[in-house]
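To find a chain, count down the sequence lines: A is the first, B the second, and so on, and within it residues start at 1.
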Amino acid sequence: MRFSRMYIPTLKEDPTEAEVISHKLMLRAGMIRRLAAGIYAYLPLGLMAVRNVERIVREEMNRAGAQELLLPGVQPAELWQESGRWEQYGRELLRFTDRHQREFCLGPTHEEVITDLVRHEIRSYRQLPLNLYQIQTKFRDEIRPRFGLMRGREFIMKDGYSFDVDDRMAEKSYHVMFEAYDRIFKRCGLNFRAVEADSGAIGGSFSHEFVVLAKSGEDAIATCSGCSYAANLEKAERACPVSKAVNDELPAMEKVATPGCGSIEEVCAFLQLEPEMTIKSMVYESDRGLHLVVVNGARQVSETKLKALLGVPWIALAEEDGIAKAFGARAGSLGPVGAGVEVIADQEVGLMPPLVCGANKDGFHLRQVVYGRDFTADKIGDVVEVRAGDACPRCGAPMELVRGIEVGHIFKLGTKYSKALSATFLDQDGKEKLMVMGCYGIGIGRTVAAAIEQNHDEQGMMLPYALAPFKVALLCLDTKNEEVVAYCDQLYRQLQERGIETLYDDRNERPGIKFKDADLIGMPLRLTVGRKSYARGILEVKKRRSPESMEIPVQDLSQLWHVIEEMAADDQGISSL
RNA sequence: CGGGAUGUGGCUCAGUCCGGUAGAGCACUGCGUUCGGGACGCAGGGGUCGGAGGUUCAAAUCCUCUCAUCCCGACCA
C-alpha cells in the first residue's frame, strides 16, 4: 500500500482524552477514533491489526475443532427472562423496545442465544460434542468505560461455547480450549500467564483468565516464584502460617481503655503493638443480614472470597446505623467476643497467638483474646487478599503480585444455561440429560491494545510481527529524484511479489516526517532509500526493535529476504505445529 | 452511582482570578527557499469560546442550570 493513498491520520501530539500508552498511540497512529464514551471507530490501520488477531483466533479455534457462526447482536427479552438474567444482569445490559413495544437488548454475551439454537437442533448424544464460536461486536453499558479499546462499551469479542454429554467430556473440551488459547496468545507475541480465576456466581467448577503482563493492567494477579501457580488476586490463596500452640497458662482476656482509638493504626500506636497482633473486625451486610468478619489486623478482606464463602450474590459494608444497633458500639471498637451477629473468621485467626480486638464498647479494646477460648466463629475460611511475599498454596515459595490485562477468559459453565433453557439430549440408554457447557471469550481489540502496552518505546509502537498491519515500511526519502523513485517502485514490486505486506511511504514529505510516522506506527522492519545511500548502492535496513541499522547491497537482496523470513518464523513456526 | 478535573478554529494550549468586542504553536491553502529524524519566510482561509438561562452599557471571563469528555473506587473480554 502506498502511504500517499492510505487513510492514516497520524497525530503529532498526545490527545488529551487518552491516559494510557496504548490508547494514546492508537489515536496518534490513526488506528482508532472515539465516537462516544467507550465507543470507537476502527480506521484502516487499526482494523488491519484487529483482523490479524482475528485471523490467528480463527485458525486456532478451527484447528481445535470449533466451528464459526455468527449470531444476532439484537436479542429478544424472552430468552433472557427464561435464563433469569433479564433481572440479574443489571444496567450493563442495554435494553430497548421495538415499534411493537417488544423488549430487546444488545447482546453483551450469547449464552442464551447459542443455547436456544442448540436446544432446538441437538437431540442425540451422537451429535455431541459441539463447539461453536463467533467473532462479533458486543455491547456492555459499562459503568466506567476507559483506556480506549481496553474497556470499551462496544467491543469486538470472540465468544465460543462448548456442549458435551457429561462433566468429564466438558472438562476435556475445556482443556482443548485452554491449549488453543495458549497458542493464540503465543502467536500474538504476548507475554502472558494463564491464571486461576474466580468463577463468580456462574457456579462453574473452574475458570482461567489469560492475562497479559503490563504495568497499566487493571487486574492484580499473584504468581509464585517457585512453581507455575498463578491466580487472580480475587481468587489467589496462600499457605497458612503454622499453628502456634495455645495452652491454658495464657493470661486471661482483659479489657483496656483505648480512648479515641478507632483505626488499627491508632490502636497499635496507643498500645504499642504491631498490626499483626490485632484482629480487624468488619461488618458486612448481605441478603442474609449482618456478618462480622474477623481477619488479621494487617490484612485486607477480599469481598470476592467473602461472597463465595457466604454463598450470597452480593455483599456491602454495613451502614453505621445498622452497626450501632447490632453492636451498641461504633465501627472502630468492634470485635468477635460476644458479638450478636454471625461471625466469619479468616482461617489464620484461629492459628494466631493472643490478640487485641475491639470490645464492642466505644473507647475500649480487649487483649489476650484467644480463639476457641474467648470466642468462636460460625464459619471459618479464606477471606483475605493475598499480599506479596505470602507463601504459595502449592509449593510454599513466596508469591509476588503483578498487574495484567485480561485478554481471555474460559469457564466451565456446567448446566446453568442448559438447565434454565432445557437444552437436553438422549444418551445411549435413551435417558434425557442436560448438556454440559463451557464458554470461552477473547477480547480482540483489547488484545491489540495489550500488545501495544507491552511493546512500545518513546517513539511509538513496536507491534509483534503477527499483529503488525504491515510487516515492512519502505521509505523513499527523495521523491523528486527519478532514479531513487524508480528504484523504490521496483523494490516495492519485489516485496509485493513475495507477498510481504509493505507500506510504501511515497509521500512528498520531508524525511523527518517519514521516520517519525514509521516509528509511531511501528512496523517491524524499515527500509530506507535516500539519494546518497542509493548512489552508494546500498539499502538501509532497520528493525524497529533494534537501535542499529544494517546496510545491504542493492545488487544482492538475499540478506533482506533472510531477515524477513526470520522475523516471520515465530508466527509460522507455531501455526505449523 | 459517589469523588476529582476539563470543555476556547482540525490538534495541543494561553486568555477566565481582575468583564471591554478572541490569541499562539502545529495542521490547512498559495508562492519561494529547504530536503536523512516532525524545516523556514511571506501572504491567506478557518472559532456564535460545549449548550441554555441570568446579571451588566458590555460576558470566553461573574451567577444558575444542563450536556459531554477524562481520571480515582464497585463490574467485566
* **Rounded distance (Å) that lies between atom P of B/rA77 and atom OH of A/Tyr181** => 10 Å
* Structure fact -> Between CD of A/Glu17 and C1' of B/rC13 the distance, given in whole Å, is 16 Å
Has the side chain of [X] got a donor or acceptor that lies under 3.5 Å from a partner of the other kind on the base of [N]?
{"X": "A/Arg144", "N": "B/rC1", "answer": "no"}
{"X": "A/Arg526", "N": "B/rG37", "answer": "yes"}
{"X": "A/Arg34", "N": "B/rU69", "answer": "no"}
{"X": "A/Asp478", "N": "B/rG36", "answer": "no"}
{"X": "A/Asp14", "N": "B/rC11", "answer": "no"}

* To do: Please indicate yes or no: is the ring centre of A/Phe155 less than 5.5 Å from the centre of the six-membered base ring of B/rA77, with the two planes inclined by under 30 degrees?
  => yes
* To do: Evaluate the ring planes of A/Tyr181 and A/Tyr440, with Trp represented by its six-membered ring, and classify them as parallel (under 30°), tilted (30 to 60°) or perpendicular (over 60°).
  => perpendicular
* Asked: Quantified in whole Å, what is the P atom distance between nucleotide B/rG53 and nucleotide B/rA60?
  -> 14 Å
* With both distances under 3.5 angstrom, what nucleotide forms a Watson-Crick or G-U wobble pair with B/rG73? -> B/rC1
* Does the pair A/Glu154/A/Lys138 count as a salt bridge with the N-to-O cut at 4.0 Å? -> no
